[in-house]
K.L.:
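Provided herewith is a single structure, encoded as structure tokens, for subsequent inquiry.
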2 protein chains.
Amino acid sequence: MIDAERKFREYLSEKGLRFTSERLAILLHVMSLHEHFAVDDLHHQLRQKGLSISHATVFRTLALLIDCGIVQKLPCEKMPARYEHIFGHLHHDHMFCLRCGRIIEFHNAPIERWQQKVAEEHRFQMTGHHLIIRGYCEKCH
Amino acid sequence: MIDAERKFREYLSEKGLRFTSERLAILLHVMSLHEHFAVDDLHHQLRQKGLSISHATVFRTLALLIDCGIVQKLPCEKMPARYEHIFGHLHHDHMFCLRCGRIIEFHNAPIERWQQKVAEEHRFQMTGHHLIIRGYCEKCH
DNA sequence: ATAGTATTGATATTCGTTTTCAATTGCAAC
DNA sequence: GTTGCAATTGAAAACGAATATCAATACTAT
């Protein structure tokens with residue numbers, strides 16, 4: 001059993017929810033992906049594996065995975081939201097190249113700390129943040 | 001004529017678009033607001049002024065104002081997007097309350113500087129960024 | 001096994017936003 | 001000023017991602 005499955009089982013158990021075959025299948029597939037994905041991608045890939053899991057269940061399960069901290073949702077403008085598994089990964093933000101669409105991930109501890117500080121100054125309980133640096137990558141200057 | 005109007009006129013002219021009474025009315029009202037607003041707020045306020053401008057036109061005009069840099073859109077999760085005029089204002093970022101929708105503005109120089117630094121480290125030419133801190137405001141803890 | 005409740009899939013619904021299209025209007029050329 | 005043409009408008013319909021509904025099903029504890 002992978003760590004993520006253990007964590008998901010514990011989360012569900014604590015909430016009095018059930019560990020179903022659909023939820024396991026979605027979890028395992030999500031953990032196997034190494035790129036950002038949309039709900040339709042995930043749903044389609046599960047079908048290709050021969051699993052007939054409904055659209056609604058994919059949405060519902062992703063919501064659970066987000067709530068228990070295994071998955072992160074990336075709100076995308078003018079397109080369906082993208083998701084990525086974050087369990088076992090370090091937090092990162094994104095740079096987005098306006099010309100070639102390339103996504104560069106980065107992590108910067110001072111930025112994280114200053115965000116915390118700013119939130120505290122405003123007595124704001126931070127649950128997350130979303131930082132995208134827009135511009136042009138090395139190749140597209 | 002206010003500066004924003006001059007800028008909007010120039011933008012429309014360059015694009016071969018027309019400066020209509022509806023667009024002027026929306027521009028002036030948007031510039032008069034000192035808070036973030038949703039499309040419905042704007043539409044309703046215009047109606048209260050006796051102007052009968054359609055929902056569609058409000059959306060269409062806001063898209064133009066964004067494109068020409070007078071207005072900024074703030075994508076809000078699970079609720080209608082908010083807008084604000086940015087022409088003539090200093091840059092700032094936002095905290096967004098997931099419960100009441102309140103928006104808190106902040107400016108933090110270190111975060112801005114570290115973003116520049118991170119971009120330079122990746123030889124990324126930054127043209128802008130978008131930072132939203134999500135969570136719960138003082139009242140909604 | 002049984003009861004009780006969570007979960008599922010199919011479908012319908014929601015609601016912010018966009019598109020359609022005929023009527024209107026700005027704007028530039030005369 | 002008049003004219004012609006394309007941009008713009010309002011009303012309504014369409015769109016689409018996400019959510020809710022609900023009867024059937026399946027998990028879990030006893």
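In what follows, every chain begins at residue 1, and chains take the letters A, B, ... in the order their sequences are listed. Heavy-atom basis, side chains included; hydrogens, waters and symmetry copies ignored. All values reported here derive from a predicted model rather than from experimental measurement.
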K.L.:
Per the atom types in the model, does the base of C:dT5 pair as donor or acceptor with the side chain of A:Arg18 at under 3.5 Å?
P.N.:
yes
K.L.:
With heavy atoms under 4.0 Å as the rule, sort A:Lys15 into base, sugar-phosphate or nothing.
P.N.:
nothing
K.L.:
Would you kindly say whether B:His129 and B:His91 are connected by a side-chain donor-acceptor distance under 3.5 Å?
P.N.:
yes
K.L.:
If the cut-off is 4.0 Å, is B:Thr57 near the phosphate of D:dT8, judged by side-chain N/O to OP1 or OP2?
P.N.:
no
K.L.:
Measure the distance from CG on A:Leu51 to C1' on C:dG9 and round it to the nearest whole Å.
P.N.:
14 Å
K.L.:
In this structure, how many angstroms lie between the C1' atom of D:dA7 and the OH atom of B:Tyr11, rounded?
P.N.:
14 Å
K.L.:
Just the rounded figure in Å: distance from C1' of C:dT25 to CG of B:Leu17.
P.N.:
15 Å
K.L.:
With a cut-off of less than 4.0 Å, is there a side-chain N or O of A:Lys78 near OP1 or OP2 of D:dG16?
P.N.:
no
K.L.:
Using whole Å, report how far CG of A:Leu42 lies from P of D:dA18.
P.N.:
12 Å
K.L.:
Can you list the steps and then say if B:His130 with B:Asp93 is a side-chain hydrogen bond (donor to acceptor under 3.5 Å, both in side chains)?
P.N.:
CA-CA 7 Å; B:His130 191 232; B:Asp93 293 304; over 6 Å; no
K.L.:
Just the rounded figure in Å: distance from C1' of C:dT8 to CG of A:Leu24.
P.N.:
16 Å
K.L.:
Do B:His122 and A:Glu138 meet the criterion of a side-chain donor-acceptor pair at a distance under 3.5 Å?
P.N.:
no
K.L.:
Over how many whole Å does the gap from B:Ile53 atom CD1 to D:dT8 atom P extend?
P.N.:
15 Å
K.L.:
Give the rounded distance in Å between these two atoms: CG of B:Leu12 and C1' of D:dA6.
P.N.:
15 Å
K.L.:
So which one's nearest nucleotide on DNA chain D is more toward 5', B:Gly16 or B:Arg47?
P.N.:
B:Gly16
K.L.:
Can a donor-acceptor pair under 3.5 Å be found between the side-chain atoms of B:Arg23 and the base atoms of C:dG26?
P.N.:
no
K.L.:
Starting the side chain at C-beta, find the nucleotide from D:dG10, C:dT7, C:dG16 nearest to B:Pro80.
P.N.:
C:dG16
K.L.:
Closest-nucleotide mapping onto DNA chain C: is B:Ser21 or B:Arg60 further toward the 5' terminus? I mean the 5' end.
P.N.:
B:Arg60
K.L.:
Do the charged groups of B:Asp41 and B:Arg82 touch, with an N to O distance under 4.0 Å?
P.N.:
no
K.L.:
Figure out the CE/P separation between B:Met79 and C:dC15, and round it to whole Å.
P.N.:
13 Å
K.L.:
Is A:Glu5 paired with A:Arg9 through a side-chain N to carboxylate O contact shorter than 4.0 Å?
P.N.:
yes
K.L.:
Which residue, B:Glu22 or A:Phe19, contacts DNA chain D at a nucleotide closer to its 5' end, judged by nearest heavy atom?
P.N.:
B:Glu22
K.L.:
Closest-nucleotide mapping onto DNA chain C: is A:Ser54 or B:Phe59 further toward the 5' terminus? I mean the 5' end.
P.N.:
A:Ser54
